[in-house]
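Note sheet for the following structure.
Per chain, numbering begins at 1; letters A, B, ... match sequence-line order. The figures here come from the full heavy-atom set of this structure, side chains too, leaving out hydrogens, waters and symmetry mates.
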Number of protein chains: 2
Amino acid sequence: MILEKKKMFNDFATSKGLRSTRQRDIILDIFLSTHQHVSVEELYLKIKSSNLGIGHATVYRTLKLFTEAGLAREILLHDGQTRYEHVVKGEHHDHLVCTGCNSIIEFEDATIEKLQDEIAARHGFLIKSHKMEIYGLCANCRS
Amino acid sequence: MILEKKKMFNDFATSKGLRSTRQRDIILDIFLSTHQHVSVEELYLKIKSSNLGIGHATVYRTLKLFTEAGLAREILLHDGQTRYEHVVKGEHHDHLVCTGCNSIIEFEDATIEKLQDEIAARHGFLIKSHKMEIYGLCANCRS
DNA sequence: CTGATAACTGAAAATGAATATCAAAAGCAT
DNA sequence: ATGCTTTTGATATTCATTTTCAGTTATCAG
Ligand SMILES: [Mn+2]
Ligand SMILES: [Mn+2]
Ligand SMILES: [Zn+2]
Ligand SMILES: [Zn+2]
């Protein structure tokens, strides 16, 4: 799994003529070791606390590369910070976002995805990506 | 239609003990005269070009009031600017966003909305709002 | 291995949207 | 009109992200 992701990035780097650097290796390692929905700052701090000095700019730049390489997805919730999550090949999910405790529940719904395709087709629209977020209170925060 | 919106804001203002000001009247007029999905900056410039001096801060503040009053909805696309659209009572729609020409197509799908409710219910989640955006190329930009 | 070249890094500065500050102005009740 | 409270807006501030650019490093031809 992790090796597969590393290979994926390697292939991407090769195809784009990117160089292999210490920083990119470290950032990839740490990104792969995180759970879902990490903000750039969280990653930066995690790297910092490992006594590995890497600059902010490099973390930002590298996460964009991961996104381009298809192994990360950018998520913009309503907290003013860009977050990244892992892309699992052949999977897609959307989010229930709790405004009480900021927790995120993931869900998949094939019917919704199909309806989206139909709507797009009806408008001659070519889908590249989509996002769907449901905001509200999770079971815990309701009570 | 426009009178109805003005009354709506008036009622809201009264219920909140807000004062009636020249600035709020102007911003409401201009907001109601726009089409969908205006950014704060666009509104600000429109006001400025009408030779009516109103500060940035006031435009930001007032649009939040409109949102609270239920006559505007905040939209966050991927261009780093908050936009606002008109709320039509009893209606809801989502967006197809063209990454080629930045145009936006609106659509409604009752089945998707119902599926969202079901998913939320399944997780004991109480929905407050949701957003769904499909990104890609519109019919024009495809060709 | 060596040197040339182009890519990469990161500290620091810049950007840009949005918010906070606060003194002056304006609305409203009496 | 008076007095009190809200509102405004120029300005400063915040904060995430991007840009700059000089120094560093990876890669590759010789
Ligand atoms: Mn997720
Ligand atoms: Mn719309
Ligand atoms: Zn919660
Ligand atoms: Zn288009």
Side-chain angles (χ1 to χ4, degrees), chain A residues 9-31 37-69 72-84 102, chain B residues 9-31 37-69 72-84 102:
Chain A
F9 183 63
N10 256 4
D11 292 350
F12 170 79
T14 304
S15 79
K16 287 270 177 180
L18 301 181
R19 292 182 179 173
S20 148
T21 68
R22 186 183 69 90
Q23 288 85 338
R24 288 177 181 158
D25 289 345
I26 291 171
I27 298 172
L28 182 51
D29 274 338
I30 299 211
F31 174 63
H37 320 122
V38 229
S39 71
V40 182
E41 189 62 17
E42 280 163 9
L43 264 174
Y44 172 75
L45 290 176
K46 205 159 181 189
I47 290 163
K48 200 175 186 183
S49 73
S50 316
N51 291 322
L52 305 160
I54 295 184
H56 262 110
T58 303
V59 180
Y60 275 99
R61 284 191 284 239
T62 305
L63 285 167
K64 298 221 153 168
L65 289 179
F66 293 170
T67 304
E68 245 191 288
R73 178 159 78 122
E74 242 182 67
I75 315 182
L76 298 166
L77 304 180
H78 286 202
D79 66 344
Q81 285 196 226
T82 302
R83 297 175 172 280
Y84 288 88
N102 294 313
Chain B
F9 184 62
N10 256 4
D11 292 350
F12 171 80
T14 304
S15 79
K16 287 271 179 180
L18 301 181
R19 292 181 179 173
S20 148
T21 68
R22 187 183 68 92
Q23 288 84 340
R24 287 177 182 158
D25 288 347
I26 291 172
I27 297 172
L28 183 51
D29 274 340
I30 299 212
F31 174 63
H37 321 122
V38 228
S39 72
V40 182
E41 190 61 16
E42 280 162 9
L43 263 175
Y44 172 75
L45 291 176
K46 205 159 181 188
I47 291 165
K48 202 175 183 182
S49 73
S50 318
N51 289 323
L52 306 159
I54 295 184
H56 261 111
T58 303
V59 180
Y60 275 102
R61 283 190 286 239
T62 305
L63 284 168
K64 297 222 152 167
L65 289 179
F66 293 170
T67 305
E68 245 190 285
R73 179 159 76 122
E74 243 182 66
I75 316 181
L76 299 165
L77 304 180
H78 285 202
D79 65 347
Q81 286 195 227
T82 301
R83 297 177 170 278
Y84 288 88
N102 293 314

request  = Do nucleotides 16-29 of chain C as a string where each nucleotide becomes B, S or -: B if the base has a protein heavy atom under 4.0 Å, S if just the sugar-phosphate does, - if no protein is that close.
outcome  = -SBBB-----BBS-
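Between the CZ atom of B:Arg24 and the P atom of D:dT6 there is a distance of 11 Å, rounded to whole Å. A:Asp25 places its CG atom 15 Å from the P atom of D:dT25, with the value rounded to the nearest Å. In this structure, B:Lys48 atom NZ and D:dT8 atom P are separated by 18 Å, rounded to whole Å. In this structure, CG of B:Leu63 is placed 12 Å from P of D:dT8, rounded to the nearest angstrom. As a whole-Å value, the separation of A:Asn10 CG from D:dA26 P is 15 Å.
Of the candidates A:Phe9, A:Phe12, A:Tyr84, A:Phe9 is the only one forming a side chain to side chain contact (heavy atoms under 4.5 Å, CB included) with A:Phe66.
Atoms CZ and CG, on A:Arg83 and A:Leu76 in that order, are 10.5 Å from each other to the nearest 0.5 Å.
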inquiry  = The test is side chain to side chain contact (heavy atoms under 4.5 Å, CB included); show your working for B:Thr58 and B:Arg61 and say whether it passes.
reply    = CA-CA 5 Å; B:Thr58 303; B:Arg61 283 190 286 239; 3.5 Å; yes
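Here the shortest heavy-atom pairing between A:Glu68 and A:Lys16 reads OE2-NZ, 3.6 Å.
For the side-chain hydrogen bond (donor to acceptor under 3.5 Å, both in side chains) test, residues two or more places apart in sequence or in another chain that qualify with B:Glu41 are B:His56.
Across all strands, B:Gly17 comes closer than 4.0 Å to no nucleic acid atom at all (heavy-atom distances).
Without hydrogens or angle criteria, A:Thr62 side chain to A:Val59 main chain gives no donor-acceptor distance under 3.5 Å.
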